[in-house]
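Data first, discussion second: the structure below is written as structure tokens.
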Amino acid sequence: MTDEKKTGRKRAPAKGSDAAAVDPALGEAALAQWAQERAEAEAAEAVRVADIERAALAARARLLQEVAALPGLPGVYRYFDAQDQVLYVGKAINLKRRVSSYFHKNHAGTRTGMMVARIARLETTVVRTEAEALLLENNLIKALNPKFNILFRDDKSYPYLKLSAHAYPRVSYYRGAVEKRHRYFGPFPSAWAVKESIQLIQKVFKLRTCEDTVFNHRSRPCLLYQIRRCSGPCVPEHQTEDYARDVRNAERFLLGETDEVMAGLQAQMMVFAEHMQYEQAAEVRNQITALSKVLQQQSVDENSATGRDRDVDILAVKLQGGRACVNLAMVRGGRHLGDRAYFPKHVEDATALALDDGGEDESQAIAVRRSPEQLVLEAFMAQHYLDAFTPALLVLSDPVSEALGEALSAQAGHRVTLQAQPRGQRRIWQDMCIKGAELSLARLLAEEGSQQARTRALADALDLNVPDLATLRIECFDISHTAGEATQASCVVFESHQMQSSQYRRFNIEGITGGDDYAAMRQVLTRRYAKLAEGAQLGHARLPDLVLVDGGRGQVAMAREVFEELGLDLGLIVGVEKGEGRKVGLEELVFADGREKVYLGRDSAALMLVAQIRDEAHRFAITGMRAKRAAVRTGGSRLEDVPGVGPKKRAQLLQRFGGVRGVASASVDELMTVKGISRDLAEEIYRVLH
């Protein structure tokens, strides 16, 4: 029974309700009390708003005082919002004049105005020259990831071709930090370019590609020797000075000294012929023929690829549809190795901000207005060459500031020439690079249009209430194991119309019965969302808009239990159930909140997106599981890391305990029963395996 029925009185309206909704039969005292409470609430709200406004005005006044006190020197400035997130990083010849322009000009209705309204504080750093300011600016951009700067993905994974420091050097593909004792050639724009170069070196110079462990234990040459792709230095009868000569020729070829290599080979062939060593002369002749074919296939005119043209980077920029592409083509040793396309973030905001503000070039008293293409190209060059190899010549599709060229020269330690209007062979390279940028950008826009259409189709099919589809976040889970061994769960993330690989997570599943996928799913969902649910309630974290589970009703039921325990919305859970015969395209979606199963259709764009995310979760889970399983099964590699455990002792350990698992489960005293294993060594083995 309600309070009204018990007492016969009507309750006063809730605080904040409209006075028009007040019941006329309400007593005068209750009405007066309600009016007083409402007035007090409005007064308190007015005081709160006034306090906020006063605090904002005080903060803005302090900010303007800081701006007024800035020196008229070169430097770098950073703007932060109220949440202490960096908004923008910029450089200036005159910090005081530059920073003041943001606050004293009228930027209403522009992106600059939007940013200035969000500035809560600033930081500045004074430097000596404009070049130093440029370098520091781009160091900070890469470190802080500001919203209103043009950002390129930090890619330090360029591949190299490596010649090892060995009596009989090995040629190999390499990524990572370089070591001075080895020789490296590159960088190359792609793995394909490195592998193609290795194949050429195998064909022409017959250098070995086998690992040192294989090389050291060969008793006869391998198949590569039989097909004339290696000279077979792994056996004593082929370990001659000829291999060192081939290594030197390969190095000169990679450095672009092709004419010298050809002349040396021809002279060597004539010497063999004069001494009637016709078999050796024929071998050198075959080398010359193979090298000639390689040089004829190169798209670069070797006659023009001399001097500075042996190492050149060609850069072209193209903007369309709010996106930008910078295409980088590489010429190394006079050979065109291919190109790689880069797609920056924040292009629209950053270019609009720079153009609204009159550009970044303060070399003159009046700022020079530059095109968006120039701004994007300068941002790429400053960020890309900050800690990468810079050749002596850069051929560009658009001119850039002289200060950037000076900074690159200072960074590289040699003179870097920037050329925007080349002739001859360089013009051919430039045209090729511009065309590559156009094609790459057109392909990106087509792919993004297709992906956005898929996102929209899925949101419509599932009736997801997401105002901005770019913010739609989907997390997908999968379980992988081999007959219960090395169980791993994966979580992949889809957001901004693409997979976000940096946010992927793997979970080692322990404490369950091997092969129990339901228990594994319970564990991974609990570990993923327990703390996230608490943070979401406090407004510190964001839950996904959709949680995909690779499985049918059983997995969905388990996910439902976890979400009920955590107090989360069951409508987030969707299971991807395989269709009849487990055929691709027949999948059905299973819901945890009681809705009927949905079949989207084989050709549905929404199903294509679901399948893409589900397959990525499966791939990520299975690669992690295989790595974990391999670590368990072949943990002998960890035994190799133990000082004092060589091949003989390792074999004795594995034979004595029946494999790596047996060695890992053995105690220190049991390890000491193996001949040659002292207590110190047994303790070290136990430590490494545990």
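- Closest heavy-atom contact between Cys476 and Ile613: CB-CG2, 3.5 Å.
- Among residues two or more places apart in sequence or in another chain, the ring pair (Phe, Tyr, Trp, His ring centres under 6.0 Å) test is passed with Phe103 by none.
- The ring pair (Phe, Tyr, Trp, His ring centres under 6.0 Å) check on Tyr79 picks up Tyr77, Tyr102, with sequence neighbours excluded.
- Around the CZ atom of Arg121, the shell of radius 6.0 Å holds more than 12 heavy atoms that belong to other residues, nucleotides or ligands.
- For Asp84, the CG atom sits in a packed shell: over 12 heavy atoms of surrounding residues, nucleotides or ligands are nearer than 6.0 Å.
- Ring geometry, Tyr504 versus Phe620: the interplanar angle exceeds 60°, so the pair is classed perpendicular (tilted spans 30 to 60°).
- Nearest heavy atom pair, residue Val312 against residue Arg332, reads O-NH1, 3.3 Å.
- Residues Ile428 and Gln425 are in side-chain contact: their nearest non-hydrogen atoms beyond the backbone lie under 4.5 Å apart.
- Residue Arg505 comes nearest to Ser502 through the heavy atom pair NH1-O, 3.4 Å, listed as atom of the first residue, atom of the second, then distance.
- When each of Arg473, Glu475, Met499 is paired with Phe494, the side chain to side chain contact (heavy atoms under 4.5 Å, CB included) condition holds for Met499 and for no other.
- Closest heavy-atom contact between Leu441 and Cys325: CB-CB, 3.9 Å.
- Tyr174 pairs with exactly one of Phe188, Tyr184, Tyr160, Phe185 by the ring-ring contact (aromatic ring centres under 6.0 Å, His included) rule, that one being Tyr184.
- Looking only at distances, no side-chain donor or acceptor of Gln383 sits under 3.5 Å from a matching main-chain atom of Lys142.
- For Asn149 (side chain) and Val89 (main-chain N/O), a donor-acceptor pair under 3.5 Å exists by modelled atom type.
- A 6.0 Å sphere centred on NZ of Lys96 holds more than 12 heavy atoms belonging to other residues, nucleotides or ligands.
- Residues Arg78 and Thr125 have side chains that bring a donor and an acceptor to within less than 3.5 angstrom of each other.
- Remark: side-chain polar atoms of Ser100 are not paired, donor with acceptor, to backbone N or O of Arg97 under 3.5 angstrom.
- Note: Leu444 CG to Gln451 CD = 11.0 Å, rounded to the nearest 0.5 Å.
- Note that CD1 of Ile474 is 7.5 Å distant from CG of Leu464, once rounded to the nearest 0.5 Å.
- To the nearest 0.5 angstrom, Leu469 atom CG is 6.5 Å from Leu472 atom CG.
- For the side chain to side chain contact (heavy atoms under 4.5 Å, CB included) test with Phe380, the passing option among Ile150, Leu315, Leu375 is Leu315; the others fail.
- In this structure, Ser397 and Glu373 have side chains that are not in contact, with every pair of non-hydrogen atoms separated by 4.5 Å or more.
- When every heavy atom of Ala407 is checked against every heavy atom of Leu134, the shortest pair comes out as CB-CD2, 3.5 Å.
- Summarising the geometry, atom CG belonging to Leu445 is positioned 9.5 Å from atom CD belonging to Glu447; distances are rounded to the nearest 0.5 Å.
- A pairwise comparison of heavy atoms in Glu137 and Val76 identifies N-CG2, 3.9 Å as the closest pair.
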